[in-house]
Structures are given as C-alpha cells and as structure tokens.
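Encoded as structure tokens, here's the structure I'll be asking about.
Everything numeric in this text was worked out from a predicted model, so none of it was measured.
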Number of protein chains: 2
Amino acid sequence: MRADAARNRDKIVEAARVAFRTRGYDAPLDDIAKAAGVGAGTLYRHFPTRDSLLDAVMQAWVERVNDAVGKVLAEGGTSRELLLRWFEQYVELISVHKGGPAKITLAMEDDASPMRTKCQTLRAANAQIIEQLGDDLRPGVDSLQFARLVGGIASVVDQGNLPATSIGPMLEVVVDGLLV
Amino acid sequence: MRADAARNRDKIVEAARVAFRTRGYDAPLDDIAKAAGVGAGTLYRHFPTRDSLLDAVMQAWVERVNDAVGKVLAEGGTSRELLLRWFEQYVELISVHKGGPAKITLAMEDDASPMRTKCQTLRAANAQIIEQLGDDLRPGVDSLQFARLVGGIASVVDQGNLPATSIGPMLEVVVDGLLV
DNA sequence: CACGATACGGAGACACTCTCCACTTAGCAA
DNA sequence: TTGCTAAGTGGAGAGTGTCTCCGTATCGTG
C-alpha cells in the first residue's frame with residue numbers, strides 16, 4: 001500500500017473509533033470521512049462496508065479478549081465463581097460501543113461476517129472457559145450457546161439503556177442454569 | 001372519523017401487516033402507503049411514527065397473549081414443565097414478525113413507547129406465571145427479568161436467522177436457573 | 001525526472017423519511 | 001337535491017444518509 005494511502009486509512013480508523021463510541025454504530029460514514037479529513041470515496045475504497053470499518057476499529061480489541069480470559073482463568077475459585085466472573089468480563093468486552101453487544105453476538109452466527117476472525121477469538125475464549133469447567137457444565141452446551149445466552153442479555157441491557165447493575169442477577173440465573 | 005378515512009386507515013394497517021411480516025420491520029413506509037393505495041401523507045397523518053403503525057398492527061395480538069397464558073396455566077404439570085411451556089409460547093408470541101422479539105423486548109423497557117399497553121399485557125401474563133410458580137421461583141426475580149432473559153434469546157435467534165430448534169436448549173438453561 | 005500505477009475527493013444518483021399545502025370529498029343542513 | 005365546510009387526500013419536494021464514478025493529483029520506481 002502506498003504511504004499516503006496507509007496514512008489515510010489510519011486517520012479513518014481513528015475517526016471511526018471516536019464516532020462509533022460517541023455516536024453509536026449508526027454514525028454517518030460521510031461524517032467519519034469528513035472528521036478524518038478525507039473524501040467519502042476514499043473511505044469507501046478502504047472500507048467497502050460499514051462492517052469492514054468496524055472490523056478494523058476492533059483490531060486492538062482482540063488482545064483485550066485474550067488478556068481477559070487469561071486473567072479470569074488464573075484467578076481460580078469454584079466453577080460458579082469462574083463462570084460468573086467470565087460472563088461479567090464477556091459483557092464488558094462486547095459492550096465496546098453502543099450497539100456492540102447485538103452486533104458482535106449476531107456476527108458470531110454469520111460465517112460471512114467481516115468480523116469473523118474477531119468472533120473466532122471470542123469463541124475460543126469461551127471454549128477455554130468451557131474446558132476449565134469440565135464436568136460441572138451442563139452436558140451438550142457449547143461456546144456458541146454461551147455467546148447467545150450472554151449476548152442476548154447484554155443486547156437488551158445495552159439497547160434498553162438499562163443500568164449496568166441489572167445485568168448481574170440475570171447472569172446469575174444463566175450461570176446456575178448452565179452448571180449441573 | 002370520516003368513513004373514507006377509516007377505510008384508508010384499515011387498508012394501511014393491512015398493508016403494514018403484510019409488509020412487516022414479509023420484509024421485516026424496516027419495510028419502507030412509502031412502499032406500505034403505495035401498497036395500501038394511498039399517498040405518503042395519508043399514512044403519516046394516521047400514523048405519525050413507524051412505531052404507532054406497528055402498534056395498530058399488533059392490536060389483535062393482545063388477545064392471543066391472553067389466550068396463551070390461560071392455556072398454559074390450565075394444562076398443569078410441574079413448575080419446570082409450566083415454565084418451559086410458557087417460555088416456548090412467549091417466544092412464539094413475540095416473534096410475530098422479523099425484528100419482533102427485539103422490538104417488543106425493548107419496548108417493555110421504555111415507558112414512552114407507543115406499544116406500552118401491549119407490553120403491559122405481556123408483563124401481566126408473565127406475572128400470572130410467576131404467581132403460579134410460587135416458592136419454586138428463585139427469589140427476587142420479576143416479570144421484567146423474565147422478559148429480558150427470554151426476549152434476549154429470542155432476539156438473537158430471530159436476527160441471526162437461527163433454526164427454531166436452537167431455542168429449546170437455551171430456554172432450558174434459563175428455566176433451570178430460574179427455579180430453586 | 002518522467003511516467004505509469006495508485007490513490008484522492010467530492011459531485012451527484014439513489015433510497016428513505018417526513019412535511020406541506022393545493023385540491024377533493026363526505027356528510028350535514030336547508 | 002344542492003351547497004357548504006370541515007375533514008381528508010396525495011404527491012412533490014426538502015432533508016439526510018449511502019455509495020459510485022471518474023477527472024485530477026500524488027507516489028515512487030526505473
């Protein structure tokens with residue numbers, strides 16, 4: 001890639017990061033282009049779709065996921081404590097921006113999503129937790145179901161502008177349902 | 001209301017019912033107006049917002065909710081069977097059209113929603129189930145949490161175009177987490 | 001430093017939402 | 001029946017956001 005192109009790409013991603021966080025995932029792309037100081041055409045060449053832009057914005061996020069799962073596993077405790085801690089982390093991780101929980105949870109169901117690789121990381125993280133739980137986990141449950149159960153709750157809380165405190169009790173319900 | 005106005009209103013609601021079901025809740029309102037054989041202005045006078053149109057479309061739906069809860073309660077069985085049956089009904093009820101689960105679940109959190117009255121019905125239905133469960137229910141759980149837990153799952157399944165069979169196992173997790 | 005490949009940007013086509021208002025019509029009163 | 005007026009209509013067009021096209025500018029290599 002030409003040096004000026006790379007420069008512009010970075011400026012766009014940075015502008016998008018700010019816009020997605022402050023104005024939500026619906027922020028007009030033309031505005032993002034303007035904020036980045038480039039034309040709309042430039043934005044669309046680098047990122048043909050809104051999702052592909054989001055994908056770039058979340059590049060750094062993957063590392064945070066891996067950090068989080070590592071920490072949660074390291075802290076030890078009962079299966080219940082572990083799972084609850086992980087789900088709390090999980091909700092926080094997917095709530096990177098308004099609309100994030102729904103976006104990410106749905107992307108996990110869609111093999112054609114541009115966020116596919118990001119979702120793989122998240123799924124792998126869930127799988128690590130599942131492995132640690134061993135026989136304490138209800139039989140037949142997989143990492144996708146983890147994502148759906150917790151993602152569903154997080155989406156409702158996010159989109160309904162509910163206080164963060166309302167999540168805890170619901171996670172406990174799911175946790176108790178998931179353990180034998 | 002003048003006779004011709006009532007006629008047009010009905011035509012619009014009918015066209016919207018079809019459009020919401022087949023094309024989802026995002027169907028262009030201008031198209032709905034066209035399908036109903038009226039101008040856009042007419043549609044917007046009768047229904048100032050998309051939500052108010054949805055509200056009208058779902059008028060008949062309220063009766064179905066009350067029917068369903070009555071039937072579920074009448075069938076008897078253990079608390080677990082009762083709750084599972086109700087949740088299955090609940091998911092079906094809120095899946096009236098594409099985007100329905102998310103729409104309805106979020107409307108329950110919003111006192112200013114035009115669908116407020118519809119949601120009251122749904123909440124009352126949940127409350128009836130809760131009453132029936134009595135001491136078998138985990139302490140501190142209310143009808144809104146019911147709505148969020150099940151609504152969250154239904155939203156994911158609906159928006160992710162997942163097979164209906166994927167819902168059952170997740171409902172079981174929630175049911176087991178909700179009962180003592 | 002010249003030239004081809006690469007990238008830029010913004011005008012404008014397109015899609016959807018919603019308003020405005022000149023025109024039409026239902027329904028009543030005489 | 002006829003005439004009147006409040007109620008209702010419809011579609012043009014303004015506003016907003018998406019996305020493409022292509023003439024112009026810039027990069028970086030030979």
Side-chain angles (χ1 to χ4, degrees), chain A residues 1-57 97-99 102-103 106-107 110 112-115 159, chain B residues 1-57 97-99 102-103 106-107 110 112-115 159:
Chain A
M1 189 186 312
R2 239 168 60 175
D4 56 340
R7 221 161 27 235
N8 277 331
R9 190 181 185 285
D10 287 350
K11 284 194 289 182
I12 292 167
V13 171
E14 183 48 34
R17 191 194 313 281
V18 172
F20 284 164
R21 187 150 44 218
T22 59
R23 315 198 351 187
Y25 180 66
D26 291 335
L29 295 184
D30 281 16
D31 283 5
I32 292 176
K34 198 169 297 174
V38 304
T42 302
L43 185 150
Y44 282 96
R45 188 159 5 77
H46 284 294
F47 307 103
T49 65
R50 181 180 290 274
D51 277 349
S52 62
L53 177 53
L54 180 61
D55 187 60
V57 165
H97 57 248
K98 189 125 187 63
K103 198 77 211 162
L106 289 178
D110 176 12
S113 167
M115 290 183 56
Q159 290 171 4
Chain B
M1 192 188 305
R2 244 167 59 174
D4 57 339
R7 223 164 23 239
N8 275 333
R9 189 181 185 286
D10 287 349
K11 283 193 292 184
I12 291 167
V13 171
E14 184 49 34
R17 193 193 313 281
V18 173
F20 285 163
R21 188 149 45 217
T22 58
R23 316 201 347 191
Y25 179 66
D26 291 337
L29 295 183
D30 281 15
D31 282 4
I32 292 176
K34 199 170 295 176
V38 304
T42 303
L43 185 151
Y44 281 97
R45 192 162 359 80
H46 285 295
F47 306 102
T49 64
R50 182 180 289 272
D51 276 349
S52 63
L53 177 54
L54 179 62
D55 187 60
V57 165
H97 56 250
K98 189 125 186 62
K103 197 77 209 159
L106 288 179
D110 175 13
S113 167
M115 290 182 57
Q159 291 170 3

(message) Could you tell me if the side chain of A:Asp26 sits less than 4.5 Å from the side chain of A:Lys98, heavy atoms only?
(response)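 Result no, sub-4.5 Å side-chain heavy-atom pair not found.
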
(request) Kindly indicate, with the supporting measurements, whether the criterion side-chain contact (heavy atoms from CB on, under 4.5 Å) is fulfilled by A:Asp30 and A:Tyr44. (result) CA-CA 9 Å; A:Asp30 281 16; A:Tyr44 282 96; 4.0 Å; yes

(request) Take A:Asp31 and A:Thr42, find for each the nucleotide of DNA chain D with the closest heavy atom, and name the residue whose nucleotide sits nearer the 5' end. (result)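 The residue mapped nearer the 5' terminus is A:Asp31.
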
(request) Starting from the 5' end of DNA chain C, give me the residue, B:Tyr44 or A:Arg45, whose nearest nucleotide shows up first. (result)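 Looking at DNA chain C, the more 5' nearest nucleotide goes with A:Arg45.
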
(message) If you assign each of B:Arg7 and B:Asp26 to its closest nucleotide in DNA chain C, which residue comes earlier from the 5' end?
(response)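 Nearest-nucleotide comparison on DNA chain C picks B:Asp26.
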
(message) Give me each pair satisfying side-chain hydrogen bond (donor to acceptor under 3.5 Å, both in side chains) with a member in residues 9-20 of chain B, each pair once, sequence neighbours excluded.
(response)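 Residue pairs passing side-chain hydrogen bond (donor to acceptor under 3.5 Å, both in side chains), neighbours aside: B:Asn8-B:Lys11, B:Glu14-B:Arg17.
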
(request) Start with the C-alpha gap between B:Leu54 and B:His97, add the side-chain angles, then the distance that decides, and say whether side-chain contact (heavy atoms from CB on, under 4.5 Å) holds. (result) CA-CA 10 Å; B:Leu54 179 62; B:His97 56 250; 3.1 Å; yes

(request) Name the orientation class of the two ring planes belonging to A:Phe20 and A:Tyr25 (parallel below 30°, tilted from 30 to 60°, perpendicular beyond 60°). (result)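 If you compare the ring of A:Phe20 with that of A:Tyr25, the planes turn out tilted.
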
(request) Give one of base, sugar-phosphate or nothing for B:Ala33, where a contact means two heavy atoms less than 4.0 Å apart. (result)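 No contact.
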
(message) Using a heavy-atom cut-off of 4.0 Å across all strands, would you classify B:Asp4 as base, sugar-phosphate, or nothing?
(response)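 Sugar-phosphate, backbone atoms only, no base.
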
(message) Heavy atoms only, 4.0 Å cut-off, all strands: where does A:Ala40 land among base, sugar-phosphate and nothing?
(response)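 Base contact.
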
(message) Using a 4.0 Å cut-off to any heavy atom of chain B, which nucleotides of DNA chain D are the first and last in contact, reading 5' to 3'?
(response)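 Footprint of chain B along DNA chain D, 5' to 3': D:dA6 to D:dG11.
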
(request) Provide the start and end nucleotides, 5' to 3', of the part of DNA chain C that has atoms under 4.0 Å from heavy atoms of chain A. (result)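 Taking any atom under 4.0 Å from a heavy atom of chain A, the span is C:dA5 to C:dG10.
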
